[in-house]
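None of these values were measured; they are calculated from a predicted model.
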Amino acid sequence: MSAPPIREAATVVMLRDGLQGLELFMVQRARKMAFSAGAYVFPGGAVDAQDGSQELVARCQGPADAVLDARLQISGARRFYVAALREAFEETGYLLARDARGQQPVWQPAQRSAFAAERRQLHAGSAGFGAWLQGQDLWLDCAAMHYYAFWTTPPGETRRFATRFFAAAAPTEQAPLHDGEETVDHCWIRPAAALAEYQAGRFKLIFPTIKQLEYFSGFSSVAQALAAMDALTDIPDVRPRLRFSPEGRFAGVALPGEAGYEELPAWD
């Protein structure tokens with residue numbers, strides 16, 4: 001059996017300042033999903049072919065293509081920004097965008113139902129995101145996205161992704177709502193609290209999400225977290241390696257720099 005292809009993907013961690021410190025927005029994936037069923041994750045998904053289209057590029061504001069390409073060290077980097085912004089809207093209702101006056105769109109619980117049909121159509125692929133943005137007179141706010149991590153799924157997994165991680169301050173004038181299809185619940189939670197719930201067996205997490213929560217545990221505010229990300233100058237492609245027992249059973253994950261990592265089989 002051939003190895004599964006590595007698909008490009010993008011994830012966005014929405015941040016806000018809570019009463020007890022930094023909080024992250026998480027959604028619970030439906031148990032019917034083939035990937036990470038039942039787990040709490042950050043909004044995101046695979047990069048679609050349309051995410052790099054001229055139609056969508058024309059509906060973007062923010063840094064020039066050359067700036068984004070240099071930041072991600074890849075040509076056509078804007079597609080990752082667009083994918084993360086699109087997935088966030090489809091899965092949560094959060095839309096990081098600006099109108100012609102530079103204002104973010106506003107919707108609270110009484111208004112968000114007006115966008116429910118559009119979100120479903122976008123999620124099903126029956127409506128073009130670029131055409132919808134044009135109809136709403138909105139431009140995606142790429143400047144709001146702060147790139148901070150790059151992870152690639154190791155061999156041995158049934159689904160593999162090369163995922164770019166972004167963080168952004170959540171829009172204060174929008175009320176989120178999970179889509180009810182891929183995501184069935186949502187919450188705002190402090191990183192340490194999420195990890196504690198996971199350790200207690202009440203909060204299902206996957207390994208990359210755990211490592212992101214550990215990373216964000218080091219920040220006390222949105223401003224501190226975003227400033228630290230903007231100061232990053234070298235964001236490596238993190239390539240975990242899987243550990244197996246002598247009997248061939250899965251025994252954990254090793255990251256670069258950890259003991260025993262270099263002794264495990266390398267991969268391209």
Side-chain angles (χ1 to χ4, degrees), residues 9-31 33 35-45 80 83-85 87-88 91-92 94 96 144-154 157 159-170 176 178 182-232 235-243 250 252-258 261:
T11 291
V12 56
V13 184
M14 294 287 186
L15 313 176
R16 77 176 185 185
D17 291 318
L19 295 177
Q20 295 180 306
L22 181 67
E23 295 180 343
L24 315 183
F25 184 79
M26 304 189 76
V27 291
Q28 185 182 26
R29 288 180 62 81
R31 299 189 184 278
M33 301 303 294
F35 179 72
S36 305
Y40 278 86
V41 298
F42 303 113
F80 290 94
L85 291 162
E87 288 282 351
E91 293 184 357
T92 75
Y94 274 132
L96 291 170
M145 303 285 281
H146 301 257
Y147 176 56
Y148 75 92
F150 179 23
W151 283 56
T152 300
T153 312
E157 299 285 1
R159 291 171 178 258
R160 300 183 66 196
F161 298 95
T163 304
R164 308 283 179 155
F165 286 85
F166 301 87
H178 51 273
E182 288 189 8
T183 59
V184 296
D185 197 8
H186 68 267
C187 66
W188 279 101
I189 191 167
R190 291 181 296 109
L195 292 169
E197 289 293 292
Y198 166 71
Q199 292 294 335
R202 295 186 293 265
F203 209 71
K204 183 178 179 180
L205 298 171
I206 58 175
F207 182 78
T209 306
I210 293 170
K211 303 312 289 185
Q212 306 315 309
L213 288 166
E214 291 175 352
Y215 173 71
F216 282 100
S217 295
F219 302 114
S220 59
S221 69
V222 174
Q224 183 189 31
L226 297 183
M229 293 170 195
D230 290 343
L232 296 173
I235 300 176
D237 179 359
V238 177
R239 300 195 169 204
R241 298 180 183 178
L242 303 183
R243 301 180 189 272
F250 175 69
V253 180
L255 292 175
E258 292 182 346
Y261 177 86

To the nearest 0.5 Å, tell me how far [X] [atom1] sits from [Y] [atom2].
X    : Y    : atom1 : atom2 : result
T92  : M26  : OG1   : CE    : 13.0 Å
F166 : Y147 : CZ    : OH    : 7.0 Å
Y94  : L85  : OH    : CG    : 14.5 Å

### Message
Exactly one of Y40, F42, W188 should register a ring-ring contact (aromatic ring centres under 6.0 Å, His included) with F25. Which one does?
### Response
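Testing each of Y40, F42, W188 against F25, the sole residue satisfying ring-ring contact (aromatic ring centres under 6.0 Å, His included) is W188.
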
Shortest non-hydrogen separation from [X] to [Y] and the atoms involved:
X    : Y    : value
F80  : A10  : O-CB, 3.3 Å
K211 : L255 : CE-CD1, 3.7 Å
A88  : M14  : CB-CE, 4.0 Å
L213 : P191 : O-CB, 3.4 Å
P43  : V27  : N-CG2, 4.4 Å

Proximity of F216 and Y148 rings by center, below 6.0 Å: yes

Worksheet entry | Donor-acceptor contact below 3.5 Å, side chain Q28 vs main chain G38 | yes

| Other residues, nucleotides, ligands: >12 heavy atoms within 6.0 Å of Y261 OH | yes

TODO: Using a strict 4.0 Å threshold on nitrogen-to-oxygen distance, state whether R190 and E23 make a salt bridge.
DONE: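 Not counted as a salt bridge, because no side-chain N and carboxylate O are separated by less than 4.0 Å.
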
Check your understanding: Just checking, any donor-acceptor pair under 3.5 angstrom between side chains of D17 and S221?
Key ->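 Absent: no donor and acceptor within the cut-off.
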
